[in-house]
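Heads up, the thing below is written out as structure tokens.
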Amino acid sequence: MSEGLSVIVCSLNGRARVDRFIAPLWRSLSQLEMPCELVIVDDGSTDGTAEAIRRVDGDITVVEHRENRGASAARNTGTLAARHEWLLFCDDDLEIDVEALRALWERRGVGVCLVPEVRGPAGDLQNAVTWEWRRLDLKLDDHDTPVMEDLAYPMAACFLVAAEALHRAGGFDERIRHYYEDTELGFALRRAGTPTRQVAGVTAVHHEHGGAPDAAARARIARKVYEGRWRFNLVATRGWRRVVIVAVGSIRTAAESARKRSPGPLLGYLAALRAAPVLLRPRNRFDLRSRR
């Protein structure tokens, strides 16, 4: 491994985003002084994403999953394919310029995971999140200004971490396929001695795939979000806390479904319970020694 920067982008059916985001990302990387590469993991796309990326001129490695394995597995695959010691994870709809990339690089440190201010196209801050246990429940609190103390987790849209720190944390937990996988990573990094901190004044724009899907797609996404929340609760808690959280979950999610007039919260809770035999097993840790 060399003292350089590997930028890892995971994509699913992202062909329409190649010219808008991925090609400009490589052009920005090519202007930096340190050795850089771009690693794209195509997580089971069916729209020719990998072929479109291969037409972009640059030091770009494309790794394909034959079928969709989820965000955690895709990011672990990208980590194993990367050649450099420093890893910058970006979503495939993230806009980040040369100055922001340079600022993150200059502030890097083995003992810290760094995030910029990730903002939406309208300027809303998306990744200033702190956490606290309240009433036997984990509460994640969003802030509309940058947070100077440790964050709850590094929002996966954009964060910089040393490969060795990610290795110590055990990588992404592949039991959580989508949503809350970065939340779990934040807790794992903290346990391994690597806090997550925000670099104020350094900004990236997260476009969230360029627009809202239709109502049916939004409902499916919402159910996955609710399921991801309960998958996280099952893998991140231990002992009596896990028992209490799961026991009262049916009441809480039933009330939430009634309040939202949607079955999504309860369906997500039930889906996570069905996966409990897998979620309660010890996690499989990925091993950096298998990197090329």
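What you are looking at is a predicted structure, and each value in this text was computed from that prediction instead of being measured. Reckoned from all heavy atoms, side chains included, excluding hydrogens, waters and symmetry mates.
- Taking the ring axis of Y180 as reference, the NZ or CZ atom of R229 does not stay both within 45° of it and closer than 6.0 Å to the ring centre.
- The aromatic rings of F172 and F159 sit tilted, their planes meeting at an angle between 30° and 60°.
- For the residue pair H207 / E95, a side-chain donor-acceptor distance below 3.5 Å is found, with atom types taken as modelled.
- Residue L270 is not grouped with residue V278 when hydrophobic side chains (ILVMFWY) are merged at heavy-atom distances under 4.5 angstrom, including chains of intermediate members.
- The main-chain N or O of A100 is found under 3.5 Å from a side-chain atom of D97 such that the two form a donor-acceptor pair.
- Taking 4.5 Å as the limit, some side-chain heavy atom of L32 sits within range of a side-chain heavy atom of R102.
- With 3.5 Å as the limit, one finds a donor-acceptor pair spanning the side chains of S45 and D42.
- For the residue pair E174 / S72, no side-chain donor-acceptor distance below 3.5 Å is found, with atom types taken as modelled.
- Side-chain N or O atoms of R242 include one that pairs as donor or acceptor with a backbone N or O of L234 at under 3.5 Å.
- Comment: R17 does not engage D91 in a salt bridge, judged by the lack of any side-chain N to carboxylate O separation of less than 4.0 angstrom.
- A ring-centre distance under 6.0 Å is not found for Y153 and F232.
- The backbone N or O of D57 sits less than 3.5 Å from a side-chain atom of W26, completing a donor-acceptor pair.
- The cluster map of Ile, Leu, Val, Met, Phe, Trp and Tyr, joined by side-chain heavy atoms under 4.5 Å apart, puts V235 and F187 in the same cluster.
- Taking CZ of R108 as the start and CH2 of W86 as the end, the distance is 6.0 Å to the nearest 0.5 Å.
- Taken to the nearest 0.5 Å, the CD1 atom of I8 stands 9.5 Å off from the SG atom of C90.
- Remark: side-chain polar atoms of E181 are not paired, donor with acceptor, to backbone N or O of I176 under 3.5 angstrom.
- Checked by atom type and distance alone, the side chain of T194 never pairs as donor or acceptor with a backbone atom of G111 at under 3.5 Å.
- Of the possible polar contacts, none joining the D141 side chain to the W131 backbone as a donor-acceptor pair under 3.5 Å is found.
- Between the side chains of N68 and R177, at least one donor N or O lies within less than 3.5 Å of an accepting N or O.
- Other residues, nucleotides and ligands contribute at most 12 non-hydrogen atoms within 6.0 Å of the CD atom of E67.
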